[in-house]
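Right, one structure below, let's go through it.
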Amino acid sequence: MTPPLTLTSSRRPDGVAVLAAAGEIDLSNARTFASALAGAVSDDGPLLVDLTGVEYLDSAGLAALLPHVARIRIVVGELLAPVITIAGLTDITTVDGR
Amino acid sequence: MTAPGTEVFAADPEVGADLAAVDWAATPVGPPDGWPQSLRTAVSILLASRFPMWMAWGPELTFFCNGAYRRDTLGRKYPWALGRPANEVWAEIWGDIGPRIETVLTTGRATWDEALLLFLERSGYQEETYHTFSYSPLRDDDGALVGMLCVVSEDTDRVIGERRMATLRDLGSDPSAVRTEQEMLTFVGGQLGRNLHDLPFTLIYLRDDDGNARLAGSAGIPPGHPAAASAVWPATVLTTGEPVHVAFDGPAFGDLPAGAWPAPPTHAVVAPLLQQGDAPCGFLVAALNRYRPLDDGYRGFIDLVAGYVAAGIASARSYQSQQRRAEELAQLDRAKTAFFSNISHEFRTPLTLIMGPVEELRTRLTDADPQVREELEAIHRNGLRLGKLVNTLLDFSRIEAGRMRTRYRPVDLAATTAELASVFRSAVERAGLTFEVDCRPLPEPVYVDPSMWEKVILNLLSNALKFTFDGGVRVAVAAADGHAVVTVSDSGVGVPEHEIPRLFERFHRIENARARSNEGSGIGLALVKELVDLHGGTIAAESTAGRGTTFTIRLPFGRAHLPAEAVATTAQPTAVSAGVDPFVQEALRWLPDGSDGADEPDGSDGRPASTGAPARILVADDNADMRSYLARLLRSAGHRVTVVPDGQAALEAARADVPDLVVSDVMMPRLDGLQLVAALRGDTRTAGTPVLLLSARAGQEASIEGLEAGADDYLFKPFSAAELLARVRANVELARLRTHHARWRTALVDSLQEAFFVCDDSGAVIEINPTFTEILGYGPEGLPYAPTHPWWPDPRADPDGYRQVADAFGGLLERRRGTDTIPVVHRDGHRLWAALSFNQVDDPETGRFAIVGTFRDVTAERYAVQRDSALAALSLRLSRADNVTDALRGALAELRELWQATSALAVVFDRPTPTVIGTEPGPDWDGLPEAYRRAVAAARERPLLTPVSEPKDGVAITLEHPDGTMVLHVEPRAGRPFTDHDETLLALLAGHLTQGLRRAHQLDRQREIALTLQRAILGPAELPAGFAVRYAPAARPLQVGGDWYDTVELADGRIGIVVGDCVGHGLEAATVMGQLRSACRALLLQNSSPAGTLTALDRFAARLPGAVSATVFCGVLDPASGHLTYSSAGHPPAVVARADGRTDVLDLAQSRPLAIPRRAERPEAEYTVPGRATLVLYTDGLVERRGRSIVDGIGRAADAVQRGRATPVEELATSVMERLTPAEGFHDDVALLLYRHPGPLELEFPAESGQLAVTRTALRGWLSRAGIDRMTAQNVLVAVGEACANAIEHGHRHTAGNIRLSASATADDLRLTVADSGRWKIPENEGNTHRGRGILLMRAMMHQISITKGAAGTTVDMRARIT
């Protein structure tokens, strides 16, 4: 069984590309997440990866994010903050305090 | 009132006024206004002068004087004398002065008189005065001689002072230092007689021995004069010591001599003759000069005279007594010299008469019986010795008296000295010393008296040998600085530095010097010095204590220093004289040679005993002849004699074998007689042995010294044989009488059937009886036996036995009395048991204590007891055993202990490969040594219950085991002999064991059945997760009781929980319990309400005998939510220990015990167990304590659970039981049931990534039940997720498999385990990427993490602390 994961690609009114994920990202679906990331990242401008809807992110998910750190910004909920901190991604990450 | 012309008197207002008052007109000089100028001038000069003057003028020599004359001389005649004729004024002395004045007036020449004695009556009496004066002529205006002027000075004090001083000086000018009293008194009398002015006469009285005064001297008065009788003088002066002034009044003073005066004295002073620190020794009567007052000066003079006389008498007396003493000493000395001289001569005569015939007998009796020869030799040797002594004394007295006849001859000193030395060679070498003679030829002969020189050298050599024990003696002759230098050196004991100055002093002996003999008179070296002095030589000694002594003699060459008449110029052939023999003989007797009677037969061997019972006598004397003589004498009286050469040897001999009597010399080397006595008295074994001291030192002091030291008797040399024997007999008999009770005691002790011994306070055995020797083999010859005693077991071979004896021995010294049974070893090595009893006894004399003990050989009894106790111990072991193997193990342990065995094994031939059972886990059959297996297999073939003992292999015995034949093998510890007793005992025990095993086997089977049944009724075999239980029945060996617990898994996933307690315990209660439990279980399954269940159970219990009043706590728990519904039938409330440390007591549904009729419905309450809290159910056995409230007990139980809330629930159950178990064990059955919420999560899932989400969901739910907050839960999820991902990616990358996840909670932490069955193979290139990051995440999220990789898989253990 694969955990629920919804990936939505959009562009904000200000033109910033957004990839929003919701659900859980683990070893079983990290590839899906990685492909979505690869598709959404472009040289035109930074991609905002919105992980506020993600309840679980493991090292496989982090591994999908890492190749793109130069071109992405990340938004996470409180629950994911420790993982992001340990992965050293704090400088490109905003913790959404909702 | 001033008359005309009186201005002439103005120079002295006082005398002038008186002069003016004179009726000059009535005198031939007429009124002053008519005086010629010459008179006026003379008068004015007179009055102006301060010097005493008077003048006479005119035909009548009219008297004038000035103030100074008036004061010093005229006295009472002023002013009467003024203007009177001079012959009237000085009528009393006109005879003296008139002619002088006449001469002046006729010749015109002045006169001069010095210190002229004049008896003036100016003070109311005739007074002795002295004046020095000059008369000078006075002329008138015409130059005619008309008067004279006298200038006077009075000398009375000076003259009398000088006179007295002269007397005192003369008294002190006695030219001889001291004399006799009479001479002194005569001298004093003579001196005092020369001053009859101050002392007209004197009398000296001395107090005689009766205290009466006796006239001893006089001056100026005949001794027969009545006034010389002592009675006329006040004798009080002798007692008061104060001078008395006496007036001559009475007939005795009728016709006294006048001394130097015309009239006799009228008074006297009686002055005491004072002695320092004593009453006056007499008194001095000094008649007084009647012409002088008794003033301080006069008194002082008399005191000094008396003092001189007293001092003179004292010194004369002291001189006399010294003189007397010196003369007495000189007399004594002369007498002594004469005595020595005479006695020496007197000795020589009988000595000659002895020695002659002895020599004769020696030659004639060459074939006589050896004893006669020996005695003759003794006489001869001692005759020589005495002769030598006498000759030395004679030499001395000759030197003393100056009668030494010397004949100095020129001698080759080197050769002579070498020859003399050679005669000592054999003696020196026999003493084991080296002897070096280095006598180099001298350039010229030396003048010596050969016989004297011989004495010098022999004395020095004899001295060297006497004090040298190691090393050697050296004699050397050489020339140096015009002298012949002879040295005699030894490496002997030396002389302490402070003794060297006295070395050559006559009769001086160095005390305590170690010597070959104590014989000697202390005159040898003194004689040597005298003799060397006679040769004009010198002798010096150099010595270092312990290193040796060197004597150096220096003799001048030539003969100038010798008296010519004693020098012979002709040489005489030198030959060693007969004088050397005594020296050598004496020296040889100092050396050990055995012939001192030591090996002669005792009188008891055939010779008749003369008197009394024969005694064992120890003789100690350093003189071999004396030893031998004493031995012969005492043996002749039938005594058994042992002889030793000194005190030390005597002490050793006496300690080895206590004699009846010790006869000892006083002066001996090593240990002298007095020290020997002290040492014997200090040793309990010899303290009572009588000692008879022999001494050459006669006198009361010597014997008192000996008796004080503790000697019983004292005998002076020489003594007669009869006297010695009588004293010996008396002392032996006295000692026997004295020791009568001791001997009685000894006889009593010796006859005891028990071994008897006495220990001193150090624990040394000092006395034993024959039974002692019989039991232990150690006899009295080895006494004392100091601890550790030889009969103690060997500490290595038998440490237990050794310790037992050591303990008993400790008790012996510390306790007043006691008994003990101890293992001891006979002298021949066999071991035995002794039952010991002892008592401490105080010795009132020494204040020390001794231990008196007895013991019996109880070896046989001991073995009987050992057998009984071994059987009892084995029976006990067997009865306690739960099964056959336990029984066997217990038996083996018993056997091993019994024989202190290194091993005890049982081999049961129940299968093709026998089973080996030991006291502890060991090798199986195949692991045993080959030889051992063979020995055991061989033993198996032997008849049953017959021990086979092999010296090296221990002992084996075969018996029946329920499963087959069994061989029991015991290997006693090395050195522990396996005796017949032991074999018998082993057979007995083996028989017993056979029965025991059979019984245990039957019991085993019964017990197995019982246990199966018991377990069946006790509770569920498996508990739901999260539960832990403990059960402790009060009655053993049952494993069930009246209490129970139960968990029932209900259909809806909930769990029924029951803890109950039937009345009573033991089997009966257990059967009731079993039924109640089953009923309750069935009811719960039907009716999931606790109250309903209990209500139904009430009805069941009412019909079941013994079930009434049982208490039950019944609950239904939802493990998912922790929700609990409960009801209690009289049961103690459940308790919940929460993670936050608080405690909840579930007492809201309490009601009556089972089957107690009531109408009320059973209540029911609800409770939700919080996450990580622990629910505790128990029976009252856990919390009830006698005398304490059950509420306290519940509190204690809750506390115990709280303390362990951070430990897993299984550990918690153990710690609660440990904490609450009373020291003496539980009195009642105890059941304890714990539940920690939530119960642990256990998941097993395939190692696929797709399982991760499901697993996460389950874990998330469990974490929520455990009350974990969202963030912590997220961390746990990530860490566990990573661990699982690792297991999937690495553990099972290539192989399928499962992953197991378990999670459990305590109050403070979560414990999570992820285990797979694969091996993690982390590729190098990926190690640092996301898998590495996974581990990083795990570590960051968890407080503790450990990864264990093994063959069976990898396990990750994680802990998260909950804050």
Side-chain angles (χ1 to χ4, degrees), chain A residues 1-7 21-38 49 51-69 72 74-93 95-98, chain B residues 1243 1245-1261 1263-1264 1268-1293 1299 1314 1322 1325-1343 1345 1360:
Chain A
M1 189 190 111
T2 306
L5 178 64
T6 315
L7 294 162
E24 298 181 353
I25 302 172
D26 66 12
L27 186 62
S28 62
N29 57 8
R31 254 176 230 280
T32 315
F33 178 54
S35 334
L37 265 179
V49 182
L51 299 180
T52 50
V54 174
E55 286 175 16
Y56 181 85
L57 177 76
D58 73 358
S59 56
L62 285 173
L65 287 170
L66 288 171
H68 308 293
V69 288
I72 60 173
I74 303 168
V75 184
V76 297
E78 268 179 337
L79 223 46
L80 259 53
V83 177
I84 291 296
T85 307
I86 292 159
L89 298 178
T90 45
D91 52 341
I92 57 163
T93 303
V95 177
D96 183 354
R98 280 180 301 177
Chain B
L1243 290 176
F1245 52 92
E1248 293 160 10
S1249 63
Q1251 293 293 320
L1252 288 171
V1254 182
T1255 308
R1256 223 159 30 238
T1257 305
L1259 183 56
R1260 200 177 265 135
L1263 289 167
S1264 154
I1268 306 300
D1269 68 85
R1270 192 162 147 265
M1271 287 302 288
T1272 307
Q1274 181 70 12
N1275 288 347
V1276 173
L1277 287 173
V1278 171
V1280 171
E1282 293 298 337
C1284 293
N1286 269 338
I1288 293 164
E1289 281 211 314
H1290 301 298
H1292 298 282
R1293 175 177 289 204
I1299 294 173
V1314 176
I1322 302 173
N1325 58 348
E1326 282 185 323
N1328 289 329
T1329 59
H1330 76 271
R1331 274 306 107 212
R1333 195 170 297 115
I1335 291 175
L1336 191 73
L1337 285 175
M1338 282 153 65
R1339 292 196 190 283
M1341 302 298 180
M1342 292 287 137
H1343 290 98
I1345 178 165

> Atom CD in B:Glu1282, atom CG in A:Leu27: separation rounded to 0.5 Å?
Replying inline: 9.0 Å
> Does any heavy atom of chain A fall under 4.5 Å from the side chain of B:Arg1256, the backbone, both, or neither of them?
Replying inline: side chain
>> Rounded at 0.5 Å granularity, tell me how far OG in A:Ser59 sits from CG in B:Asn1286.
In response: 7.5 Å
> Looking only at heavy atoms, which two atoms of B:Gln1274 and A:Leu80 are closest? And how far apart?
Replying inline: NE2-CD1, 4.1 Å
> Which atoms form the tightest heavy-atom contact between B:Val1278 and A:Leu57, and what is the distance?
Replying inline: CG2-O, 4.4 Å
>> Would you compute the distance between atom CD of B:Gln1251 and atom OG of A:Ser28 and round it to the nearest 0.5 angstrom?
In response: 10.0 Å
> Measuring heavy-atom distances to chain A, does B:Arg1339 have an atom under 4.5 Å in its side chain, in its backbone, in both, or in neither?
Replying inline: neither
> Of the non-hydrogen atoms in B:Ser1249 and A:Asp26, which two are nearest, and what is the gap between them?
Replying inline: O-OD2, 4.5 Å
